[in-house]
Every structure is written in structure tokens, then in C-alpha cells.
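What follows is a single structure, written as C-alpha cells, with notes after it.
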Amino acid sequence: MKQLFTFVKKEFYHVFRDRKTLLMLFGMPIAQIILFGFALTNEIKGSKILIVDYAKDAASQQLITKLSSSNYFEIEKSFADHNQIEAAFKEGKIKLAIIIPQSFYDDIQHFNKAQVQVIADASDPNMATTLTNYATNIIAGYQSSLSPTKKIPYRIVPQIRMLYNPELKGAPNFVPGVMALVLMLVCTMMTSIAIVREKEMGTMEILLVSPFKPVFVIISKAIPYLLLSVINLIIILLLSVFVLDLPVKGSILLLFGASTLFILTSLSIGLIISTVTTSQQSAMMASAMGMMLPTMLLTGFMFPVENMPVPLQVLSNIVPSRWYYIIIKNVMIKGLGFSAIWKETLILFGMTVILLGLSLKNFKNRLA
Amino acid sequence: MSTIELHNIVKTYNKGSVKAVTEVSLAVATGELFGLIGPDGAGKTSIFRVLTTLLLADSGTATVNGYDVVKDYKAIRQCIGYMPGRFSLYQDLTVEENINFFATLFGTTLEQNYDLVKDIYVQIEPFKKRRAGQLSGGMKQKLALCCALIHKPAVLFLDEPTTGVDAVSRKEFWDMLKRLKQQGITIMVSTPYMDEATLCDRIALMQAGKILSVNTPARIIEAFPGKLYAAKAAGTSKLLRDVRAYPPALDVYAFGEYVHIVFKNEEGNTAHLIEYLHSQGHADAEIKEIKPAIEDCFIRLLKQ
Amino acid sequence: MAEPVIKTNKLIKRFGNFVAVNEISFETYPGEIFGFLGANGAGKTTAMRMLCGLSAPTSGNATVAGFDVYKYPEKIKQNIGYMSQKFSLYEDLTVTENIRFYAGIYGLGNNEIKEKSAALINQLGLQNEVKTLVASLPLGWKQKLAFSVAIIHQPKIVFLDEPTGGVDPVTRRQFWDLIYDAADKGVTVFVTTHYMDEAEYCNRISIMVDGRIDAMGTPASLKKQFSASSMDEVFYHLARSAKRSAD
């Protein structure tokens, strides 16, 4: 028994003297509670919606007022032409559109029944369902307010249309997210481990003391993982098309192009990690803690970024997978072309250049 | 001009708290087999790393083959071979694959320089398809040596190549080094084994970052102050205690089956000592004057 | 003649088809310094693991400190000390913490621990280093401390696996002074080493080749047997003909 106590005492010494582990032990839970408690939420507030009012009468005005006064919605635009709706969805700024037909007031008065069209961006099916629920609730509320005493109630029937993903499959949301996660994981973690392994084993010494330029060491480490990641990508796409029944609506070429760019971004992150770590274990931890966690939480496929507090939104802008996720969704799920993703592509490209530059600069020509 | 030169090299780690090398100056001539002899922590590996351009010294200058280790490191890396302390080859590649990899790294092939490594290669050739991780310690050292030599370097740096290897393999390794020397390669070797010092042309004895002495083994032995005696009797540990208690003895230490003694007075009185030992119960005590070994010189230098 | 502290009879250890230890038989006595030599791969480490109760033999008999290695390996572990070159003390604990830890593990009472710690620290002259992390000590001091800690519970035998590797000649001899002290107090010291001059410090030696013990005796008798002038020569003579070290 006493021996057990002695051993436990020793283990405590080890724990308290390892500052890095201690930081993780206490820092992580605190960070997670704060993040999950305050920042990450599935509740959606202030979503930007589009209203097209063909009626332009007192009734429609009342409905619009009710919608705009709700916490859940923020009216982004309110134009008169529903042809621009599609463009607005493509831009990705609005998640929901409500179209009030010209005969709204007349239909209510004469037929006791009117229709309102509700169109949602179902590439994120959870969000779409939530938003349409909010909308239909408000419409129902307006409906009740119209007939408090009349015996035959008014009925306003929302016609719901789910864009891009009519069956509300979960796949369109998480497949791009998984792609981002997997590529990030494989490229970043495996590359950093591969380079650090040379340092750990001691063979890096011999490589450095040879005419072989260090930059070629990096390139030769990156190439196998680049190829493997492309294969991985193909497997994921095949699985999602044939098993999950999720076709690729847009250009496959564009998809591969963007993915290759993202792979390079992840590789550069892996490189940077390898220049600052000295053991495979710490490389793995840095990749997992440093990259996986932000990727999972801040990319936007688990928790919508728009609903996070501003500091986190700003932070999510520097997470590369956030931009890749948007590109994939736009190309694969919404079937959009380059014109829709040029901004995100540029951002990703810029990140890659900076990261590559940093890692090459950091890569030590000597042991120390 | 010497092939390897070090002038007042200082190297510290941990922001100066660990003084690995303190003001070391050395020169190694072309074609010389030079030994850095000293225990762990002497600074041998740090010196190697400065010379092979893997580390920057805190201060001081060094050149290899005429090139400065700081400014012309690229040129140095083209013409040296290096075998670091631990076994640093790819454990999951075969013998053959390792050699081909390192040959290609230096822009050559096994066939091109076969004569150079033939002696060594024929010993490991039977195992060429075996993974390097599954070789015995002695075989691994031979493989590592091959890979370091494969591009016919002008200077070879071997950091503790025989540590942890059994006595037989150690002897074989040094025989190989002697034959390499005949090819005109300058070789700098480090070892903690004092008995290997006599196999070098010149040696530097080092301890705790400082050089105790640099010279040929013969001259270092000649420089031993005074005479050295070896006493023998059954019961070495009792002998050791008794001689230590003998007032005229200055240094007394065990050395294998003997006890080595240096007397305070240059002219030790061995007859008197024998009498004393007889009185202490060592009926069979013997004593003779001996020539010091490098280890004796090292111990003496440490005490100064 | 006192009771043997280690007694083995035709001890064998097989790994599949490979016979690592091939019928070794020997005895060691209290207060003896026994050198266990052999080339790398000869089977020394495997044999030592069996004697320490860490690995069960395939066949043959052995008792260590009076306990059978098959039936009572745990009792053996309580009655031996162990120190190896690769690991002995925790680098991120101080000198005192290491001593207290091992003393506690070996089951010493609180008062005993205090007494023995103080004695140990005095004997090694470490009074100024008690609060130093072991990582900051020079190698020689680490080894001496590790040895003293390994025998703090006064075991009947202590197993030393290449304890003086890489240490300077003066510190090596100080280490052997500690070994002599322990042997004088009746502890059997079972030591392996690559330094042939250290072989001479032992009372008796055995040399393993290809899993067998090919020679055993006092240094003097072995040198006579092989007409050699040093243990180096004896070893070379035996190990050179070994088949295992060739691959």
C-alpha cells in the first residue's frame, strides 16, 4: 500500500514538472467549456433573409414587419424581382427567401386562404429546417392575429422549397466537412511526423551533411503524401457519389483543382510544425491540438460560423479549411462555377504562399 | 596547411549554462588518423558537429579542407563523410537500399567507388537483403561506415563508432580504419575507450570540454611525470586499501589485476613497500616498474 | 562454503526455434563479485532477465536469493537490486526525490528511509546536490547514485548491466570502490561490462558465447587456461570463434 502511495507521489512530480502537458490538462477543458458554452451554438439568430413582396399591400406589409421584428431574422434585401433570388443564394449571403404573391391580400379576403413561398438553402439541412420552422411559426402567428374572433379561420399556407438538397440529406453538409478534415489530418500530421522522424532518428544529420539541398528533403517528404491525399480524395468522392447518393453537381476539374490547392496549404502547415517540433510525439500533438480542433469547430460544418461571437468569427477566417469548405460546398453541392469561388480560392492561395515561405525560411540548415 | 583546424572554439548550450567545449584548438594533418579520446560529456560530439557544419560555435574559427565551417559550409558538405553517434541509418531499408540511397545522395554509385569500400562491403554483402534494423551491432557499424565512405570523401568524421560494440568487432573496425588511412583519407575518430588511443597517429585527450593534451600516443606516454609501478597480490581490494594507507604513495588506483602506484618521491622505494605489504599479510606481493598506458596518463592529467 | 545466492542448472530460453540461452549452469556466493561477460547477442541480457524474475525460462532450474524463478519471481524482485546503463534514475526528479522513491518502492519504513538517505548522501558527498534535478548531474555522479539507490534496501544480490559505460577512468574506479564496499558487506554483485580491465576486478567470471557459457573461473585461472596475458586476449580468443556475432 505504501509502495502504491510512493509511486503515485512520483507520478505527481512528473506531471507538475512537465509544464506543457499541464497547460493542456487545465487549459483545454477551460477553453472547451467557454467555447461550447458561449460561442458554439446550434441556435440561429439574425439570419439574413430575402423577402420579395409582389403584393405590396397592407397585409404583406404587416407580415414583413412581423418577420423583421423577429430576433431570428435580419432582412438583407427586399427587392421586387425573384430572378435575383438565385443569384443571392449563390452568393451565399442569404439562407432563406420568402416570396409573397401579388394577390396575397385578395386571397385572404376572398378565399380565406393565401400562399407564401419559402425557399431555403438546404446545403446545410439542419439550418434550413430550423429557419423554415422559424418562418412558418411567424407566418402562423400572423395568421392567428388576423382572425381572433372569426369562426372560419384564415389560412396562410407556406410552400416550402429546399434548394440544392430537396431530400434534406445530411451528406451535403458533412461530406465537404469530412473532406476538409481528412485532407488536413493526413497532410498536416503525416508530413510533419515524416520530417520530424528524421530528426528523431538522427538520419537528418547525415542528410544535412551532404550536397542534397534541404529544400529537396522537404519536397521528397511532401510528394508521397500529396499523391496519397489525391487518392484519398478520389475514394471519398466515389463513396459519396455511389454510396451516399450525393452527386457532384459542379465541375470535377474545379473540385480537384481546389482540393490540390488545399492539400498544398495543409502540407505547408505540416512543414511549419515540423520546423518547430523535435519529436514525433510533439509533432502529432501539435497537429492534433493545433489543427484538428480549430478545423472541426471553426470550419462551419458542425456549427454555423455566422452565429459565433465576432472574435471567433474573425479567428475562423484564418482557418484554411473554412475557405475550402465553402469552395467544396459551392462546387459540389450547389454546382457553381469559378466565378462563385474566386474570392475563397484567392484567400487559400495567399495563405499557402505565406505558409510555404515561412516554413522554408524556418527550415534549419543546421541542427540548431 | 592542416586539413582540419580549430582555433579557440567555444560551444555552450542552454543559453550558456552548459559549457560543452571551452577554448579548444587543434590541427589535424592530411592523411592522419586522429583520435578524440574522452568520456561522455567531454565535448567530442559538439566538436564533430561544429566541424561537419551542423552546429555553429559560440566563438572561435574552424576550417575543414581549407573551407571555413561558417561561410563555406556547402563546400565542406560536398567533401566529407560523417558517421554520427547513434546508428543513423534507415532501419526499415535493407543494407543494399541504404547504400544505394547514400551513394545517390552524393551523386555516385556503389560500383564507382567499389575499391574503396570493398574490404568492408564484402563482410556485409551476404546480408545485403536484410533490413538494417535486424543487423547485429558490429554489422550496423560496418554498414554505417560504408555509407559514410561511399562517395570517397577527403575527410571522414566518425563519432564513437565503436561504443557499445563488443571487443572483437571493435578490433575489426580499427583494422578497417588503418587500411582506409592508406588510401589517403584524413580520419577523425572519437572514442571513450582509452586502449584504442594507441591505434591513432595522434590523439587529443579531453574531459569536460577541455583538452588535457594533444600529441602522439608515444609522446604523451613519455611525458608522464616520474615513474609508474604496478603491484600485484592475491586479494586486490585489500591490496588497494593497504597501499593507499602507505604514506610514501601519492596516487594509488586499481588497474585490472594490478594496482598502479606513483610515489611522492621520484625514487620510489619498492623494497620498503614489499616489506610493508608482507607485514599486512600479502605474502605473495610483487611489484615492478611499468610503462604507463594512455589511461594512466589520462588519470594523471585529470588530477592536475 | 556458504549457500549459493544464485544457482542455475541447465537453464534454457527459447524463442521459437532460436535458442537464446543454451543450458547454462553456475553458482554465485554471498559477497562475490561475479563478472558476466559475452559479446552482444551472446545471450547475456536474456539470461539476466531470467535471473531477475522478468522472464520465465523454457526449461532448466534456477533459484535466486533462495527463491525458484518459476514459482516466486515476485519474491525474487523484492530481494534484488538492479541498475542498467540505459535507465536508472528519473531525470526530472531531484536526488532526494529519487532516493525516497526507490526506498519507498523497496518497502523501507519512513525512519529507515531518512537514515539511509542521509548515509547515502554523505557517502557520495552529494550534500550540496540534494535538491538538484538528476538531469543536471554529471554522468559519473548519476551512475554512482544509481548504484547506491539500487542497494538501499540491502538486497542479497545486485544486478549491474554495463554500469560504467562512457564514464571517465577516475569515476569508473570510484564506482568500483562502491562495488567493493558492497561486496565486503556481503552483497553479491552480478555485473556485465565491455571493459576488460573491469573483468579483472571480479572474483570470478563467466563468458557467454552463442548462448552457452564457454568459460568460467577466476581471471587468473582463465588466463592460464587460454595462455593469455590479459582478459582481453581471453575474450578475443573465445568470442572470435562465435557464430552469432557474425550476423
Side-chain angles (χ1 to χ4, degrees), chain A residues 14 17-21 186 189-228 270-271 274-284 359-368, chain B residues 11-15 20 45-46 48-58 64 69-70 73-93 98 101-108 132-133 140 143-145 147-151 153 155-160:
Chain A
H14 286 312
R17 286 187 191 164
D18 185 357
R19 286 216 193 102
K20 285 187 192 150
T21 311
V186 171
M189 190 148 83
M190 300 317 290
T191 315
S192 65
I193 289 180
I195 297 181
V196 174
R197 186 167 51 219
E198 298 266 6
K199 275 202 245 180
E200 219 177 48
M201 280 199 327
T203 43
M204 185 64 100
E205 284 186 60
I206 305 194
L207 290 180
L208 286 176
V209 181
S210 76
F212 199 58
K213 293 206 177 72
V215 68
F216 287 123
V217 173
I218 299 180
I219 295 181
S220 17
K221 294 275 169 192
I223 289 183
Y225 292 112
L226 190 102
L227 289 174
L228 285 174
L271 279 179
S274 77
T275 58
V276 298
T277 49
T278 47
S279 75
Q280 290 182 68
Q281 199 180 31
S282 43
M284 194 151 73
S359 60
L360 282 176
K361 196 164 153 257
N362 247 358
F363 188 84
K364 295 194 182 82
N365 230 346
R366 301 170 200 265
L367 280 183
Chain B
K11 180 68 191 164
T12 63
Y13 298 105
N14 270 354
K15 300 189 177 58
T45 302
S46 300
F48 272 111
R49 289 194 172 149
V50 168
L51 289 173
T52 53
T53 74
L54 284 173
L55 281 182
L56 291 174
D58 293 9
V64 174
V69 294
V70 180
Y73 68 91
K74 286 190 188 153
I76 294 182
R77 289 181 184 182
Q78 303 262 7
C79 65
I80 62 174
Y82 177 48
M83 211 172 123
R86 293 163 296 165
F87 172 67
S88 296
L89 297 180
Y90 295 102
Q91 312 259 6
D92 49 349
L93 295 186
N98 263 295
F101 174 72
F102 284 103
T104 320
L105 206 62
F106 283 97
T108 180
K140 282 182 187 173
L143 175 59
L145 185 59
C147 292
L149 275 182
I150 196 78
H151 57 295
V155 188
L156 196 57
F157 291 96
L158 309 173
D159 193 356
E160 295 209 24

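Throughout, protein chains are lettered first and strands after them, A, B, ... in sequence-line order, and every chain is numbered starting at 1.
- Heavy-atom distances place the side chain of B:Phe101, and not its backbone, under 4.5 Å from chain A.
- When the salt bridge (Lys or Arg N to Asp or Glu O under 4.0 Å) test is applied to A:Arg197, no partner is found at least two apart in sequence or on another chain.
- Neither the backbone nor the side chain of B:Tyr13 comes within contact range of chain A; no heavy atom of the residue lies under 4.5 Å from a heavy atom of that chain.
- Every residue two or more places apart in sequence or in another chain was checked for a ring-ring contact (aromatic ring centres under 6.0 Å, His included) with B:Phe102, and none qualifies.
- Using a 4.5 Å heavy-atom cutoff, the side chains of A:Met201 and B:Tyr90 are in contact.
- Nearest heavy atoms, A:Glu205 versus B:Leu54: OE1-CD1, 3.7 Å.
- The line from CG of A:Leu208 to OG1 of B:Thr52 is 9.5 Å long, rounded to the nearest 0.5 Å.
- Atom NZ of residue B:Lys74 and atom NZ of residue A:Lys213 lie 7.0 Å apart, to the nearest 0.5 angstrom.
- Between B:Leu105 and A:Pro211, the shortest heavy-atom distance links the atoms O-CD, 4.0 Å.
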